[in-house]
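Quick note: numbers below take in every heavy atom, side chains included, and nothing from hydrogens, waters or symmetry partners. Just so it is clear, the model here is predicted, and its values are computed rather than measured.
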Amino acid sequence: MRVNNILTGNYRKAFLAVCVIGLGIIILLLIPAMQEKKEYCYSIDRTVEPGNGETVLYEAIELPVGIYSVRVNYHTTADFEYVVRLTDDSMPPLRVMQNDQILAAAHSSEEFHLWLFGRSENLTLSVSGESEQEIYFEQVCITETGQLWYSIIFVSLVFILLILGCIVCAAWHHAYKIPASGFVVAGLILLLTWLLSRPYLMNWIISTGDSGYHIERIDGVANSIANGVFPMRLEANFPLGYGYADGILYGSTLLYIPAVLWLIGFPVLYYYNIFIILINFATILVAFYCFGRMFQDKYIGLLCSALYAFSLYRITVLFERGCVGEGCAQIFLPLLLYGYYRMFTEDMEAKSYKNIWLILVIGYSGVLQSHTLTCELALIWTGVICLINVRRVFRRTTFIQLVKGAAFTLLCNAWYAVPFLDYYLTENLMIKHTGQRLIQHEGITLREVFIHFFDGVLEDEQGMTIRAVGPGLIPMLVLIVFTGLAIYALVKKKKSGLLAAGAMCAVLSLLCIVFSLRTFPWNRIQQAWPIAGNIISSLQFPTRFLNWGTLFMVPVFGYCLWYAKYESKWKKPLYAVGATAAILAVGTSSLYLINQINLTIGRERIFDNNQLIGYVSGGEYIIYGTDMSKLSYSIPLTSETVQLVQYDKGDLAADFRCSNSSFEETGYVEVPLFLYKGYRAETGAGERLTCVYGNNNVIRVLIPPKFNDTISVRFVSPVYWRISEACSALAWLAILIYCARTARGKHDQGNANKSIKANTNKR
C-alpha cells in the first residue's frame, strides 16, 4: 500500500507541515555549520624535565561550546612515556570530554578531540609521565570542527523522521484500524530492548575483552570514509599505522553505522552504546518476525524472540566479552532457520514460495558481513539441515530456490568474498598457522549447561576462563517436555511441519551442547586427523557451538507453547505455564546475569579514539613471522648507499624523495607499512619499482643504481576486486528491482480484488 493512498485530509496536512518546518530547521542549523571555523593557537616554548610529575603547560584558555580538534607540537626521544590532557576543574566531567593523549617519539605533533558542552574560561593543558627523557613543547592549536552542529542536525533529522513515522502510523490506523495487539507487541518490543540494553544506557562503556578492538575497527572505517576510500580494505590505523588486513578478512559492513556517528561528532562513549542498543533492537525485531511467522502467532513469536535475544550465550558474548562482530551476526541467524523451515514445510505451489531465496540471501549476507567464524558454522549446520531433508532438497522447485539463494548470496557478497579468498589463499598470514592450537580446555562443564543464576564471574573452580554459559535450566527442562510431546505425537500418529522442525532442532541443539563441553574429545580429533586441525582450531572456542545451540532451542520452546495454545485440552493453563517459564528464563536468569556482569566488570569513559595503540586482538591477520614487540612509530630505514631527502606518511601510503649514490648496487628504503598484496611503488615519472619483504615484513622498495627521484607508495585494489564490486552492486540492484516489482504486483492484485468485490456487491 502506497503512502500517498494513506495520507489524506488532516494527516496529509500534518505530514507536509512537519516536512516544511523540519526543512526550515535544518537550513537554519546548516548556516552556522558552514561558517568559517575559528582556530586558537597558544605558544608554549617550554622544556619539561623528567621527574616533575604533572606539569601545567598553559592555563586559562577560554573556549565556547563546541567540538574541537587539538594539535600539540612537541619534540622528545621518550616513546609513549608522556601524556597530555585538557581539563577544567570548575566544570562537571561530562561537560569537558577528553582522553589523555599519548605522545610518540617519532612524531612532532599529536591530534586529539575535545568535546566542550559549556563555555569554559579556565581550560588547562598539562603533561605528565614517568620518563628519564625531557620533552619540549612548542605550541598548542585548538580548532573548531563544526561537528557540534552536525550532531544537532542529525538528532533533529531523527526526531523529525520519528514524528513523520508517527503521523503515517496514525493515518494507517485511521484507514485500516491496527488491532490493539499490534500496539501491545510494539510496546513490548521496546520494553524488551530497554531491559536488554540497560547497561548501555549509562555514561560509561562496559570494559570487556574485545570492545577496544572493535572501537579501533570502527575508527578505521571512519577514516576510510573520510579519505574517500570505499569499501575499506586494509585498516590503516593499527597496529601503529603499519596497516592490518582486518577489513578484508573480517566483515565490517555494519560498522559503517557507528563510523558515521563518529564522523558526525558523537564521542566513542555514545556511538558505541548506541550501536549496541541498535544490535539488541534489531535482534529482537528479526527474531520476532521469524518466529512469529513460523508459528503464525505474534505472542509466541514475541516470547521466542525474548528467549533468543536474552539467551545466556548471547549475553556473555556481547556483554562480557564485547564480541561485537559475533553479536551482529546473531541478528541474522533466525532468518536462516526460518528460511529453511519454509523451504522444507511450505506448499511449493504457493506464490510466496518463490521468494524464500531472498530470506536466505539476506541471512547469509548479514552473517558473512558480520563474523567469519559464525558464517563458517552456519555453512556447517546448513549442510546438516539439508542432509536431514535430503529428499526435499532435490524437489525441483526447492532445488531452484536453493540454487538461487546460493548464487545471489555469492554475487551479492563477491565484493567481500573475492578479496577474502585472494588473501586467504595467497598471503602467508598468522591465521594459517593455528592448526596446533587446542580448543578443548575452552569448553564448558556439564554443570554450566543447567545453571540458572550465574554470578557473572566467568571463571571456573580451577581458575580457567569460561567463554560462555550453557542454555540454562529452563530451556533444558523444555527439551524434556518436548521429548514427551514428541513421543505422544508418535503414539497418536500426529504429524506436522512444526513438530518435525522442532524434533530436528531438539536433536541439533543437543549436539551443539555436547560439542561445547570441555569433555568432548576435540584434542584427540585434532591429533588423530591433522587435516581437520585448522578447521577445529579456527573455531577458537568450542562454546561457539552454543550460538546455534541456543538458536535451535527456540523453535523447540515455541512448539511447546504452540501445542499448549492450539492442541492441548487444557489450553489456557498450559499456555500460561509455558509463558511463565519464558518470563522466568528472561526475568530471572538472563536479567540476573546482565546485572552481575554490570557489577563485576569494569567501566570506562572513552570519548576519543586514542586509547589503544597497536592492539590487534589475536593478530590472526598479521603476516606470519612478524614480531609485534618490535613495532613502533618510525621513519623509513635505508641501505648504506641510499639517502632519504624528504618523507611524508599517510594512511596506507608514503611519499618520499631519495637518491642512490651507488653506480652498481641496488639499494632500498624500508617503509613502516606491512607488505600486503596490493601495494605498489612508483616514481615521479610513473615507473614501477619492485617491492619485497623487508625486516619484520615491512615494504622494502628496491632503489636502482644512480637513482634520484620521488617515490609514492600506495595500496591499490587489484582490478578483479573492482570487478567483483561491480558484480555485487548489479546483484543488489537486481534484487531491489525484483522486490519493487513483487510489491507492485501485490498492490495491483489487491486493487483488482477490491474492484471485483465492489462489483459483486453492486450486483
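- Checked by atom type and distance alone, the side chain of S728 never pairs as donor or acceptor with a backbone atom of E725 at under 3.5 Å.
- Considering only heavy atoms from C-beta on, F332 stays 4.5 Å or farther from Q369 through its side chain.
- Side chain to side chain, T193 and N280 fail the donor-acceptor criterion of an N or O pair below 3.5 Å.
- Between W115 and W262, the ring planes are tilted. Angles from 30° to 60° get that label.
- Of all non-hydrogen atoms in V367 and L333, the two that sit nearest each other are CG2-CD2, 3.8 Å.
- In this structure, K38 places its NZ atom where only 12 or fewer heavy-atom neighbours from other residues, nucleotides or ligands lie under 6.0 Å away.
- Between the side chain of S109 and the backbone N or O of N73, no donor-acceptor pair lies under 3.5 Å.
- Closest approach of L116 to V65, counting heavy atoms only: O-CG1, 3.3 Å.
- Remark: W149 CH2 is loosely packed, at most 12 non-hydrogen atoms of other residues, nucleotides or ligands lying under 6.0 Å away.
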Working for ring-ring contact (aromatic ring centres under 6.0 Å, His included), residues Y679 and F674 = CA-CA 9 Å; Y679 275 106; F674 286 136; 9.8 Å; no
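- Remark: F159 CZ is loosely packed, at most 12 non-hydrogen atoms of other residues, nucleotides or ligands lying under 6.0 Å away.
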Trace of the side-chain contact (heavy atoms from CB on, under 4.5 Å) decision for V671 with V698 = CA-CA 6 Å; V671 182; V698 301; over 6 Å; no
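- Counting heavy atoms from C-beta outward, Y272 and V324 have side chains that approach closer than 4.5 Å.
- What you find for R233 and S717 is that their closest heavy atoms are CG-OG, 3.9 Å.
- Closest of all the heavy-atom pairs between C323 and L318 is O-CD1, 3.9 Å.
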Step-by-step side chain to side chain donor-acceptor pair (under 3.5 Å) determination, N122 to S90 = CA-CA 8 Å; N122 193 32; S90 64; 5.2 Å; no
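- L652 has its side chain out of reach of N227: every pair of non-hydrogen atoms, C-beta onward, lies at least 4.5 Å apart.
- Using cut-offs of 30° and 60° for the angle between ring planes, the Y256 and F230 rings count as perpendicular.
- Panel note: side chain S365, backbone V361; a donor-acceptor pair is recorded below 3.5 Å.
- With no hydrogens or angles considered, a side-chain donor-acceptor pair links T143 and E39 at under 3.5 Å.
- More than 12 heavy atoms of other residues, nucleotides or ligands sit less than 6.0 Å from atom CD of E62.
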Please assess I142 against I61 for the test side-chain contact (heavy atoms from CB on, under 4.5 Å), listing each intermediate value before the final yes or no.
-> CA-CA 10 Å; I142 305 174; I61 300 175; 4.2 Å; yes
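- In this structure, H214 NE2 and C328 SG are separated by 8.5 Å, a value rounded to the nearest 0.5 Å.
- I277 has its side chain within reach of L201: a pair of non-hydrogen atoms, C-beta onward, lies under 4.5 Å apart.
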Does the side chain to side chain donor-acceptor pair (under 3.5 Å) test come out yes or no for D100 and Y82, once each step is laid out?
-> CA-CA 10 Å; D100 295 351; Y82 285 103; over 6 Å; no
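- Heavy-atom minimum distance, L254 versus S370: CD1-OG, 3.8 Å.
- Here the CD1-CG distance, from I218 to L263, works out to 11.5 Å after rounding to the nearest 0.5 Å.
- Of the residues listed (H113, Q98, Q101), the one engaging D608 in a side-chain hydrogen bond (donor to acceptor under 3.5 Å, both in side chains) is H113, and it is the only one.
- V268 has its side chain out of reach of F607: every pair of non-hydrogen atoms, C-beta onward, lies at least 4.5 Å apart.
- In this structure a side-chain-to-backbone donor-acceptor pair under 3.5 Å is present from Y242 to S632.
- Side chains of V84 and V70 form no contact here, defined as non-hydrogen atoms less than 4.5 Å apart.
- Side-chain contact between Y68 and P64 is present, with at least one heavy-atom pair separated by less than 4.5 Å.
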Kindly indicate, with the supporting measurements, whether the criterion side-chain contact (heavy atoms from CB on, under 4.5 Å) is fulfilled by L591 and F310.
-> CA-CA 8 Å; L591 290 181; F310 283 81; 3.8 Å; yes
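- Here the options are R314, E326, H371, the test is side-chain hydrogen bond (donor to acceptor under 3.5 Å, both in side chains), and the partner is N547; only E326 passes.
- When ring centroids are compared, Y621 and Y244 come within the 6.0 Å threshold.
- Scanning both residues, W204 and P199, for their nearest heavy atoms gives NE1-O, 4.2 Å.
- Put simply, the side chain of T372 gets close to the backbone of L249: a donor and an acceptor are under 3.5 Å apart.
- For E427 (side chain) and K677 (main-chain N/O), a donor-acceptor pair under 3.5 Å exists by modelled atom type.
- A donor-acceptor pair under 3.5 Å is absent between the side-chain atoms of D422 and the main chain of V418, judged by distance alone.
- Side-chain contact between V713 and I699 is present, with at least one heavy-atom pair separated by less than 4.5 Å.
- In the model, N598 has no side-chain atom that pairs as donor or acceptor with a side-chain atom of Y200 under 3.5 Å.
- Side chain of N413 to main chain of T409: a donor-acceptor pair is present (N/O by atom type, distance under 3.5 Å, no hydrogens or angles).
- With values rounded to the nearest 0.5 angstrom, E235 atom CD is found 9.0 Å from D651 atom CG.
- A donor-acceptor contact shorter than 3.5 Å links the side chain of K649 to the backbone of G241.
- Atom CG in L161 sits 10.5 Å away from atom OG in S156 (nearest 0.5 Å).
- In the model, S128 has a side-chain atom that pairs as donor or acceptor with a side-chain atom of R85 under 3.5 Å.
- Taking the six-membered ring for Trp, H107 and Y633 have ring centres closer than 6.0 Å.
- Side-chain polar atoms of T626 and N696 form no donor-acceptor pair below 3.5 angstrom.
- With hydrogens and angles ignored, the 3.5 Å screen pairs a side-chain donor or acceptor of T76 with a backbone N or O of A78.
- R217 forms a cation-pi arrangement with Y250, by the criterion of a distance under 6.0 Å to the ring centre and an angle within 45° of the ring axis.
- Using bins of under 30°, 30° to 60° and over 60° for the plane-to-plane angle, the ring pair Y424/F420 lands in the parallel bin.
- If you look at F281 and W194, their ring centroids are not closer than 6.0 Å.
- Here the two rings, on F137 and Y58, have centers that are 6.0 Å apart or farther.
- Between R603 and N203, the side chains place no donor N or O within less than 3.5 Å of an acceptor N or O (distance only, hydrogens not considered).
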